2 protein chains.
Amino acid sequence: MTNNLDTFFGAISDPTRRAVIERLAEGPAPVSELHAPHDIALPTFMKHLKVLEAAGLVRSEKKGRVRTVHIEAAPLAEAEHWLNRQRRIWEGRLDRLQLLAEQLERETK
Amino acid sequence: MTNNLDTFFGAISDPTRRAVIERLAEGPAPVSELHAPHDIALPTFMKHLKVLEAAGLVRSEKKGRVRTVHIEAAPLAEAEHWLNRQRRIWEGRLDRLQLLAEQLERETK
DNA sequence: GAAAAACTTTACCATCTGGCTAACTAATTT
DNA sequence: AAATTAGTTAGCCAGATGGTAAAGTTTTTC
């Protein structure tokens with residue numbers, strides 16, 4: 001059961017990768033520019049890019065010697081749906097617990 | 001920079017752990033009941049619970065020989081904010097790109 | 001055509017992760 | 001008191017992950 005959600009959440013569980021996403025939200029950029037602010041070796045950084053690409057968060061094209069990277073909107077939706085559903089279910093539960101508590105309150109009064 | 005988001009997203013990047021969260025959204029349960037549907041050894045399962053607990057997604061209390069586990073609503077909010085912000089930013093970007101495309105369309109007509 | 005730039009590939013390493021079995025402790029049940 | 005139930009602890013393992021350095025490839029640029 002190697003889900004989309006697995007690779008998606010796995011991809012954004014790393015701070016370097018989240019930083020890349022945040023940067024890319026402002027627009028596409030070549031690898032070297034994306035790499036610059038991070039104090040890690042280039043090949044290490046490329047691995048992070050591959051993880052993001054494998055998770056479908058990012059796509060890239062090479063033109064000449066420059067590879068340009070840009071974000072992909074698609075997979076975010078699914079992840080948000082999961083989180084939303086969970087939050088609704090368990091906030092619902094908390095609400096019901098509160099109602100129960102209030103009811104008990106009234107009964108013991 | 002070992003962020004909250006790191007451990008949170010890391011925690012929900014595993015299918016077993018997401019399944020536990022989904023189950024717990026219906027109400028608290030003892031470890032053995034949570035374990036039952038998963039075809040893995042108990043100690044392995046306990047590790048998953050520890051990851052969820054360390055990420056603040058879950059809490060548990062032991063009474064007698066039974067440990068009861070329940071979800072914690074708090075950390076979801078932060079994660080959703082991150083995702084929401086990202087989505088807004090880059091959907092915004094996609095919209096702007098579309099406008100640009102339409103403009104070019106008009107100009108070349 | 002030589003040098004520089006922008007990646008890529010290769011090979012290696014330590015630590016983390018998810019899995020296991022076996023043995024142990026502490027409560028209930030019978 | 002003996003057996004059962006419900007977790008816990010300890011120790012091991014294979015593979016993934018995040019990191020490195022060094023050498024190679026393919027454009028550009030000078």
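The basis for the numbers below is simple: all heavy atoms, side chains too, and nothing from hydrogens, waters or symmetry mates. Treat the numbers as computed from the prediction; the structure is a model and nothing was measured. Residue numbering restarts at 1 for every chain, and letters A, B, ... go by the order of the sequence lines.
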The contact string for nucleotides 24-30 of chain C, one letter per nucleotide 5' to 3', using protein heavy atoms under 4.0 Å with B, S and - for base, sugar-phosphate only and none, comes out as ---BS--
Can any side-chain N or O of A:Arg18 pair as donor or acceptor with the backbone N or O of A:Ile12 at less than 3.5 Å? yes
In whole angstroms, the gap separating P of D:dT5 from NE2 of B:His35 amounts to 15 Å
Distance below 4.0 Å between B:Ser32 side-chain N/O and D:dG7 OP1 or OP2: yes
Using whole Å, report how far CZ of B:Phe9 lies from P of C:dT17. 17 Å
With a 4.5 Å heavy-atom cut-off, do B:Glu61 and B:His70 have their side chains touching? yes
Over 60° means perpendicular and under 30° means parallel, so tell me whether B:Phe45 and B:His35 are parallel, tilted or perpendicular. tilted
Name every residue in residues 37-54 of chain A that has at least one heavy atom under 4.0 Å from any atom of DNA chain D, in order of residue number, or write none if there are no such residues. A:Ile40, A:Ala41, A:Pro43, A:Thr44, A:Lys47, A:His48
Taking CD from A:Glu33 and P from C:dA5, how many angstroms apart are they, rounded to a whole number? 17 Å
To the nearest angstrom, how far is B:Asp6 atom CG from D:dT17 atom C1'? 14 Å
Going by heavy atoms in the side chains, are B:Val20 and B:His38 under 4.5 Å from each other? yes
In whole Å, I'd like the distance from the CD atom of A:Glu61 to the P atom of C:dC7. 13 Å
dist A:His48:NE2 -> A:Leu34:CG (nearest 0.5 Å) comes out at 12.5 Å
Would you say A:Phe8 and A:Asn4 make side-chain contact, with heavy atoms under 4.5 Å? no
Interatomic distance, CG@B:Asp14 vs CD1@B:Ile21, rounded to 0.5 Å, equals 11.0 Å
B:Asp14 CG to D:dT17 P: how many Å, rounded? 12 Å
Quick one: does B:Met46's side chain get under 4.5 Å of B:Leu49's, heavy atoms only? yes
Is the side chain of A:Arg17 donor-acceptor paired with the backbone N or O of A:Ala11 at a distance under 3.5 Å, no angle test? yes
On DNA chain C, nearest-nucleotide positions of A:Val31 versus B:Gly10: which is more 5'? A:Val31
